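Here the structure is laid out as structure tokens; the discussion comes afterwards.
Counting begins at 1 with the first residue of the sequence. Quantities reported herein were computed from a predicted structural model and do not represent experimental measurements. Computed over heavy atoms, backbone and side chain alike; hydrogens, waters and symmetry mates excluded.
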Amino acid sequence: MTATLLRTAADLHARARTGRRAVVMTMGALHEGHATLIRTARKIAGPDGEVVVTVFVNPLQFGAGEDLDRYPRTLDADVELAGRSGADAVFAPSVDEVYPGGEPQVRISAGPMGERLEGAARPGHFDGMLTVVAKLLHLTRPDVALYGQKDAQQLALIRRMVRDLNFGVEIVGVPTVREEDGLALSSRNRYLSPAERRTALALSQALFAGRDRHAAQEALRARAREVPATRARAEALSAIGESRAAADAHAVATTAGGPAAVRAAARLVLDEAARLDPPLRLDYLALVDPADFTEIGDDFTGEVVLAVAARVGATRLIDNLPLTFGTLGDAS
């Protein structure tokens, strides 16, 4: 299908609406990750609904020395990919259309969560991001808006803003799309030379190493709970005043595992990448609670995000994986 290119909110509002409107917000330079978002939006909107893709490079979320001027702008190709993926319209407003009076005096504050990790590395970034998301939600008036989980902190902040400020829109997160070698798709990947791209693989490899360590630990926990209690074993444990569950929990706990082991496994990969040519320069490796993006303790149970950010050459990349600790519950 062919997507209609719209430049003003008035043109967008003039379109007849019959079903649900699903919006995918982008800064352009669309790739297969965006295409996955658009295809998901198409399924959610259904045949009677409408999918709108926004293309807007937001100056508010670029800090001093960042890549606003060289950020790729490929609108013709973006419109083609959007239409091919199921979009009905591409809304590509000018800066004057989004900020008619110049930079807005009133902005959304990301609060404490916006000062951690990406916010610490890029001061003011999340304030600018939330401000433009709020404006684009008002301008596009969607029933549902979709965002990629690769930008996990961004997604968490958008969900929080929508909840805290009572936006009447459903927010849907879509899993990260990766290339065959594991590198998370990003518009900034095109900046990487072949040698830099090989180094950049360490981001996803570190996450996978942490995930695999976590999976091995969870498998050990599962085995500890499933081993049948023999009479001899029960008698031996009873003699030292321990239950089987307590003994198994102790055995698992004293095996290098949990959050500390996940961090260590990921860090090992990143440390090795720091010695490559060109080297990977780590900004952060974090294992955080997705509710507020604070670091978790070793006794944490529940959903977490293993997140990494690093520079390779002049390009800064981020990636993350969701994990869950304590899924098997307490032994009985």
Side-chain angles (χ1 to χ4, degrees), residues 23-41 53-58 61-62 66-67 71-72 78 81-82 85 110 113-114 116-122 125-126 128-130 132-133 145-161 171-192 196-197 199-211 266 269-270 280 282-290 293 303-312 315-324:
V23 165
V24 174
M25 294 185 186
T26 82
M27 291 205 301
L30 303 190
H31 50 63
E32 182 57 29
H34 297 110
T36 298
L37 284 166
I38 298 166
R39 288 192 290 266
T40 304
V53 176
T54 69
V55 174
F56 181 67
V57 181
N58 177 35
Q61 65 195 74
F62 287 81
E66 292 190 336
D67 58 353
Y71 196 87
D78 293 343
L81 184 146
S85 302
M113 183 162 57
R116 300 173 186 133
L117 299 187
E118 284 300 291
R122 306 174 66 189
H125 166 72
F126 285 126
M129 179 276 294
L130 289 179
V132 79
V133 168
L146 296 88
Y147 303 89
Q149 291 179 357
K150 184 179 79 70
D151 298 295
Q153 193 172 3
Q154 170 180 286
L155 174 59
L157 281 163
I158 291 170
R159 283 177 164 151
R160 189 75 191 216
M161 177 184 72
I171 303 298
V172 173
V174 178
T176 301
V177 178
R178 299 182 179 278
E179 300 194 34
E180 290 186 4
D181 56 10
L183 186 68
L185 287 177
S186 169
S187 299
R188 289 185 169 92
N189 289 353
R190 67 185 67 195
Y191 298 156
L192 299 169
E196 289 171 342
R197 195 187 181 289
T199 295
L201 286 175
L203 274 78
S204 56
Q205 290 169 350
L207 297 179
F208 298 156
R211 177 199 61 192
V269 176
L270 297 168
L280 179 141
L282 182 66
D283 277 2
Y284 62 76
L285 172 70
L287 194 58
V288 298
D289 182 343
F293 272 71
E303 295 181 357
V304 303
V305 173
L306 179 61
V308 63
R311 293 183 182 275
V312 182
T315 304
R316 188 173 184 277
L317 301 171
I318 63 173
D319 201 351
N320 71 85
L321 278 179
L323 301 172
T324 305

Applying the side-chain contact (heavy atoms from CB on, under 4.5 Å) test to Glu32, which of Leu37, Leu185, Leu81 qualifies? Leu185
Given Val174, Val133, Val23, the one that forms side-chain contact (heavy atoms from CB on, under 4.5 Å) with Tyr147: Val133
Taking every non-hydrogen atom, the tightest pair across [X] and [Y]:
{"X": "Gly182", "Y": "Ser204", "answer": "O-CB, 3.2 Å"}
{"X": "Gly28", "Y": "Thr26", "answer": "N-OG1, 3.0 Å"}
{"X": "Arg316", "Y": "Tyr284", "answer": "NH2-CE2, 3.8 Å"}
{"X": "Gln61", "Y": "Arg122", "answer": "O-NH2, 3.4 Å"}
{"X": "Val305", "Y": "Ala152", "answer": "CG1-CB, 4.3 Å"}
{"X": "Phe126", "Y": "Gly119", "answer": "CE1-N, 3.5 Å"}

Taking atom [atom1] of [X] and atom [atom2] of [Y], what is their separation to the nearest 0.5 Å?
{"X": "His125", "Y": "Gln154", "atom1": "NE2", "atom2": "CD", "result": "6.0 Å"}
{"X": "Ser186", "Y": "Arg178", "atom1": "OG", "atom2": "CZ", "result": "11.5 Å"}
{"X": "Ile171", "Y": "Arg160", "atom1": "CD1", "atom2": "CZ", "result": "14.5 Å"}
{"X": "Leu146", "Y": "Thr40", "atom1": "CG", "atom2": "OG1", "result": "6.5 Å"}
{"X": "Asp283", "Y": "Leu270", "atom1": "CG", "atom2": "CG", "result": "11.0 Å"}
{"X": "His31", "Y": "Thr36", "atom1": "NE2", "atom2": "OG1", "result": "9.5 Å"}

Is the closest side-chain heavy-atom distance between [X] and [Y] below 4.5 Å?
{"X": "Leu157", "Y": "Phe293", "result": "no"}
{"X": "Leu203", "Y": "Leu280", "result": "yes"}
{"X": "Leu306", "Y": "Leu285", "result": "yes"}
{"X": "Ile158", "Y": "Met25", "result": "no"}

Check the surroundings of atom CZ in Arg159: do more than 12 heavy atoms from other residues, nucleotides or ligands lie under 6.0 Å from it? yes
Evaluate the side-chain contact (heavy atoms from CB on, under 4.5 Å) criterion for residues Asp78 and Val53: first the C-alpha distance (whole Å), next the side-chain angles of each, then the deciding distance (0.1 Å), finally the verdict. CA-CA 9 Å; Asp78 293 343; Val53 176; over 6 Å; no
Is a donor on one side and an acceptor on the other found under 3.5 Å between the side chain of [X] and the backbone of [Y]?
{"X": "Asp319", "Y": "Leu183", "result": "no"}
{"X": "Asn320", "Y": "Lys150", "result": "yes"}
{"X": "Thr324", "Y": "Glu303", "result": "no"}
{"X": "Asn189", "Y": "Ala184", "result": "yes"}
{"X": "Gln153", "Y": "Leu117", "result": "no"}
{"X": "Ser187", "Y": "Ala29", "result": "yes"}

Taking it one step at a time, do Val269 and Phe208 satisfy side-chain contact (heavy atoms from CB on, under 4.5 Å)? CA-CA 10 Å; Val269 176; Phe208 298 156; over 6 Å; no
When you look at Glu118 and Met129, which way does the side-chain contact (heavy atoms from CB on, under 4.5 Å) test go after all the steps? CA-CA 12 Å; Glu118 284 300 291; Met129 179 276 294; over 6 Å; no
